[in-house]
**Q** 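Take this structure, written in structure tokens, and hold onto it; I'll ask about it next.
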Amino acid sequence: MTSNVPYYDVLILGGGFSGCYLLHHLRKQGYNAHIFEKGAGLGGTWFWNRYPGARVDSDIPVYELSIPEVYNTWTWTERFPGWAELRKYFKHVDKTLNISKDTDFNTCVTDATWDEKTQTWDIRAANGKRARAQFFLPCIGFASKNFTPDFKGLTNYKGEVHHTNEWPEEGIDMTGRKIALIGTGSTGVQITQEAGPVCKELNVFQRTPNLVLPMQQQKLTAASQSDKSDREQFYKHRTDTYAGFDFTFVDKDTLDDPPEVREKFYQSLFDYGGFTFWVATYRDIFYSKEGNALAYDFWRRKAHERIKDPKTAEILAPTVAPHPFGTKRPSLEQNYYEQFNRPNVNVVDINAEPLVEFTAKGLKTTKNEYEFDLLILATGFDAVTGSFKLINVRGVNGVKLGDKWANATSSYLGLAISGFPNMFYTYGPQAPTAFSNGPTTAEVQSDFAMSLMNYMRENNLRSVNANIDAEVAYTKDINDEANRSLFPLAKSWYMGANIPGKPIEMLNYIKGIPAYKELLEESEQNNWKGFTLSA
Ligand code: NA7
């Protein structure tokens, strides 16, 4: 081993939910574990996403770590906390667990190479830091590589322009500004709600309407969070639900209920809020065209009740569904539609008037010219697999992960990749990632990885590699299930369809967390089925 390169049992990449959870538990179990983190602070996605209105779409207390030292000493102020509160939470995590002690910040890893001779990973960062580790755990989230479309003439535009994922740390005052916002994903929806009330003018350029759901935000008191005696059970229960919440699909198909019962049920989900209308509704929502159309019909009626101008209503909630409900991520809203009732807020349907080019002062479409002084690109991410493309990962025989995945993604159990030994990733490709909240899936996957590492330590095993046949079978199952579902009917980041040229394939495990957990358990209980372990 090169003497001046630090050696760790485990090198974790990223200090978000997974990274903090893993570092804490690994240290407790006697591992010499360390984090390399690109940002200047902990929080992962919550370190980078600080645009106005950035807020989590999963509610409290689902959306937190199940570590007693942390949750017993923390109270939230809102059911769906915003980015500033999540940043404070991560400061609290650090204060409680001292994650920083074993973290190198501002350390953006560029290369990770498996060294067959020493059976270790050689990890290098842009700032010159380097480490060797027996295990390499990329915990880089599914939205690290942001995406700006190749808009014609974008560099001609002389005003201020920001991608939401690179928002200035000092913030931007949107008061009195003339703003153009491109993108109506979760980010675009959240910005619209903040910009509408304060800006001089906001034009929202929409390609696909977001089938938004009512958040039903609530303020939380400390008193309502004082009894935490059932938390252990609560966190366990998260993993018994489809998407890692405290609610899950009902055991019925849409047409099992008569119309009046269905209407009441849908309304109750809207009243409860959050993602219930998506993942605590009828179990056939992602599989039955007929059932899905009924959900869309209810959703559309609700949207139209709130939008005054019929033309605007038809753009935001069209007669013909842009895609089956929920096959593209719905986001949560608090007063999204009310923004479009303001005289200063306008939605531009870029299917009816396509973008032509940017000019020094604004943007030309086929029908109009828009002038603005702030351009906000809420155009999303090269999601799920994109995070890995930022790193040159090389496995056995120097094979590049980017080459292996060039035409199709493959993994075993959405956490290991054949030919990349001793590497486990969390909340990434082919896991329940897009259909679960971060803390839940990160903990399920981290627990599995730690069990496997413990087994290896107890049995003096040095390396573990996913078997290629297990990987092929797992990947086939992901794709077969997607093809049985309605997901391929939407152009979404779930399917890689938001990035020009990216292979179209299901990037997530869509059968839900309980089914996923069963696969992990099956492997563990059968002598780590699907893996080859070596001394
Ligand atoms: P999303 O959900 O990927 O949204 C990106 C938006 O940008 C979406 O409305 C896109 O329209 C739009 N877009 C992308 N490319 C273009 C072009 N070329 N022209 C016009 N509009 C475009 O990203 P977010 O940041 O909102 O959310 C990402 C995830 O982070 C979110 O789902 C949460 O899980 C957290 P499209 O819909 O593709 O027609």
Side-chain angles (χ1 to χ4, degrees), residues 16-17 44-46 48-58 63 80 83 86 141-154 162-167 180-193 203-213 215 243-244 274-275 278-279 315-316 318 321-323 326-333 336 347-358 363 365-366 375-384 386-387 427-428 432-438 441 490-502 504 507-508:
F17 279 106
T45 208
W46 299 112
W48 297 105
N49 285 292
R50 48 205 179 212
Y51 58 83
R55 182 175 297 287
V56 65
D57 279 349
S58 299
Y63 199 74
F80 295 91
W83 69 270
L86 280 151
F142 73 89
S144 312
K145 184 173 187 269
N146 62 40
F147 168 63
T148 297
D150 191 13
F151 290 123
K152 193 172 169 206
L154 183 57
H162 297 284
H163 190 287
T164 52
N165 188 236
E166 290 174 2
W167 205 255
L181 168 65
I182 304 191
T184 51
S186 318
T187 304
V189 167
Q190 291 174 338
I191 292 219
T192 299
Q193 295 176 146
N203 279 300
V204 178
F205 292 84
Q206 174 192 284
R207 187 166 67 182
T208 310
N210 192 327
L211 313 187
V212 293
L213 292 172
M215 176 180 278
F275 279 145
W278 187 36
V279 289
I315 296 172
L316 294 169
H323 45 263
T327 56
K328 192 163 169 151
R329 191 181 181 282
S331 53
L332 302 187
E333 59 84 31
Y336 182 56
V347 61
V348 181
D349 175 3
I350 65 166
N351 302 301
E353 50 170 299
L355 306 181
V356 177
E357 63 176 343
F358 281 89
L363 175 58
T365 66
T366 49
L375 168 64
I376 303 178
L377 299 168
T379 44
F381 298 86
D382 180 351
V384 195
S387 311
Y427 210 48
T433 306
F435 301 97
S436 69
N437 57 74
T441 291
K491 276 189 166 181
S492 72
W493 59 257
Y494 296 162
M495 302 285 304
N498 65 325
I499 303 296
K502 192 169 172 175
I504 303 295
L507 293 169
N508 299 277

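We count ligands from 1, going down the list as the structure has it; atoms in each ligand are counted the same way.
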**Q** Which bit of Tyr494 is near ligand 1, meaning a heavy atom under 4.0 Å away: side chain, backbone, both or neither?
**A**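 Within the 4.0 Å criterion, Tyr494 makes no contact with ligand 1.
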**Q** Which atoms of ligand 1 are found less than 4.0 Å from any heavy atom of Trp493?
**A**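 By the 4.0 Å cutoff, the relevant atoms are 2 (O), 3 (O), 32 (O), 34 (O).
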**Q** Can you check whether Pro330 reaches Asp57 side chain to side chain, under 4.5 Å on heavy atoms?
**A**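 Answer no - side chains too far apart.
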**Q** Quick one: which of Arg329, His163, Gln206, Arg207 has a heavy atom closest to atom 11 (O) of ligand 1?
**A**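 Nearest heavy atom to atom 11 (O) of ligand 1 lies in Arg207.
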**Q** Do Asn210 and Thr184 have a side chain donor and acceptor closer than 3.5 Å?
**A**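 Result is no, nothing qualifies.
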**Q** Give yes if a backbone or side-chain nitrogen or oxygen of Thr164 is under 3.5 Å from a nitrogen or oxygen of ligand 1, and no if not.
**A**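 In this structure, Thr164 places no N or O atom under 3.5 Å from an N or O of ligand 1.
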**Q** Specify side chain, backbone, both or neither for Val189, according to which of its non-hydrogen atoms lie closer than 4.0 Å to ligand 1.
**A**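 The answer is neither; Val189 stays 4.0 Å or more away.
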**Q** Would you mind reporting whether Leu377 and Leu375 have side-chain heavy atoms less than 4.5 Å apart?
**A**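 A side-chain contact exists here, since the closest heavy-atom pair is under 4.5 Å.
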**Q** If the cut-off is 4.0 Å to any non-hydrogen atom of Gly183, which atoms of ligand 1 fall inside it?
**A**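 Matching atoms, with element in brackets: 6 (C), 7 (O), 9 (O), 12 (C).
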**Q** Test your reading of the model: is there a side-chain donor-acceptor pair from Glu333 to the backbone of Gln190, 3.5 Å cut-off?
**A**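 Pair absent, no side-chain N/O of Glu333 close to backbone of Gln190.
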**Q** Specify side chain, backbone, both or neither for Ala378, according to which of its non-hydrogen atoms lie closer than 4.0 Å to ligand 1.
**A**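 The part of Ala378 near ligand 1 is the backbone, not the side chain.
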**Q** Under 3.5 Å between any N/O of Leu355 and any N/O of ligand 1: does that happen in this structure?
**A**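 No, Leu355 has no N/O under 3.5 Å of an N/O on ligand 1.
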**Q** Output yes when Arg207 and Asp349 qualify as a salt bridge under the 4.0 Å nitrogen-oxygen rule, no when they do not.
**A**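 Looking at Arg207 and Asp349, the cut-off is not met.
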**Q** Out of Leu377, Ile499, Ile182, who is nearest to atom 21 (N) of ligand 1 when you count heavy atoms only?
**A**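 Heavy atom nearest to atom 21 (N) of ligand 1 belongs to Ile182.
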**Q** Among all protein heavy atoms, pick the one closest to atom 23 (O) of ligand 1 and tell me residue, atom and distance.
**A**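 The closest one turns out to be Gly380 CA, 3.2 Å.
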**Q** Among all protein heavy atoms in this structure, tell me which lies nearest to atom 19 (N) of ligand 1, with the distance rounded to 0.1 Å.
**A**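 For this ligand atom, the closest protein heavy atom is Phe151 CE2, 3.7 Å.
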**Q** I'd like to know if the side chain of His323 reaches the main chain of Ser492, judged simply by a donor and an acceptor atom lying under 3.5 Å from each other, with no hydrogens or angles considered.
**A**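 Here the side-chain-to-backbone pair does not exist.
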**Q** State, with a plain yes or no, whether a side-chain heavy atom of Phe205 is found less than 4.5 Å away from one of Asn203.
**A**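 Phe205 reaches Asn203 side chain to side chain.
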**Q** Quick check: do Ile182 and Phe151 have side-chain heavy atoms less than 4.5 Å from each other?
**A**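 Counting from C-beta outward, Ile182 and Phe151 do come under 4.5 Å.
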**Q** Is there a nitrogen or oxygen of Ser186 sitting under 3.5 Å from a nitrogen or oxygen of ligand 1?
**A**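 Yes; the residue has a nitrogen or oxygen that sits under 3.5 Å from a nitrogen or oxygen of the ligand.
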**Q** Is any N or O atom of Lys491, backbone or side chain, closer than 3.5 Å to an N or O atom of ligand 1?
**A**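 Such a contact does not occur with ligand 1.
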**Q** Please list the nearest protein heavy atom to atom 4 (O) of ligand 1 with its residue and the distance rounded to 0.1 Å.
**A**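 Sorting protein heavy atoms by distance from atom 4 (O) of ligand 1 puts Gly185 CA, 3.5 Å first.
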**Q** Considering non-hydrogen atoms of the protein only, which is the closest contact for atom 39 (O) of ligand 1, and what is the distance?
**A**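 For atom 39 (O) of ligand 1, the nearest protein heavy atom is Thr208 OG1, 2.5 Å.
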**Q** Hey, looking at atom 35 (C) of ligand 1, which of Phe142, Phe147, Tyr51, Phe381 has the closest heavy atom?
**A**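 Looking at heavy atoms only, Phe142 sits closest to atom 35 (C) of ligand 1.
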**Q** Just need the protein heavy atom nearest to atom 20 (C) of ligand 1, so name the residue and atom and give the distance.
**A**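 Among all protein heavy atoms, the one nearest atom 20 (C) of ligand 1 is Ile350 CD1, 3.5 Å.
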**Q** Only heavy atoms of Pro149, strictly under 4.0 Å: list the atoms of ligand 1 that pass.
**A**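 Near Pro149, the atoms of ligand 1 are 15 (N), 16 (C), 17 (C), 18 (N).
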**Q** Which atoms form the tightest heavy-atom contact between Thr327 and Ala490, and what is the distance?
**A**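 Minimum heavy-atom separation between Thr327 and Ala490: OG1-CB, 3.3 Å.
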**Q** Out of curiosity, is Phe205 lining ligand 1, as in a heavy atom under 4.0 Å away?
**A**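 So Phe205 does not count as touching ligand 1.
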**Q** Would Arg329 and Ser186 count as having a side-chain donor-acceptor pair, cut-off 3.5 Å?
**A**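 Looking only at side-chain atoms, Ser186 and Arg329 do form a donor-acceptor pair, the distance falling under 3.5 Å.
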**Q** Going by heavy atoms in the side chains, are Asn49 and Asn165 under 4.5 Å from each other?
**A**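 Yes. Closest side-chain heavy atoms under 4.5 Å.
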**Q** Can you give me the closest heavy-atom contact between Phe381 and Asn498, atom names plus distance?
**A**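 Distance-wise, the nearest heavy atoms are O-ND2, 2.7 Å.
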**Q** For a 4.5 angstrom cut-off between non-hydrogen side-chain atoms, does Tyr427 reach Ser436?
**A**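 Yes, their side chains come closer than 4.5 Å.
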**Q** At what distance is the nearest protein heavy atom to atom 27 (O) of ligand 1, and which residue and atom is it?
**A**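 For atom 27 (O) of ligand 1, the nearest protein heavy atom comes out as Thr187 OG1, 3.8 Å.
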**Q** Given that the side chain starts at C-beta and the backbone is N, CA, C, O, which of these parts of Lys328 lies under 4.0 Å from ligand 1, counting heavy atoms, or is it both or neither?
**A**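 Contact part for Lys328 vs ligand 1: side chain (C-beta onward).
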**Q** Suppose I only count heavy atoms of Thr184 and a 4.0 Å limit; which atoms of ligand 1 are within that range?
**A**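 What qualifies from ligand 1 is 6 (C), 8 (C), 9 (O).
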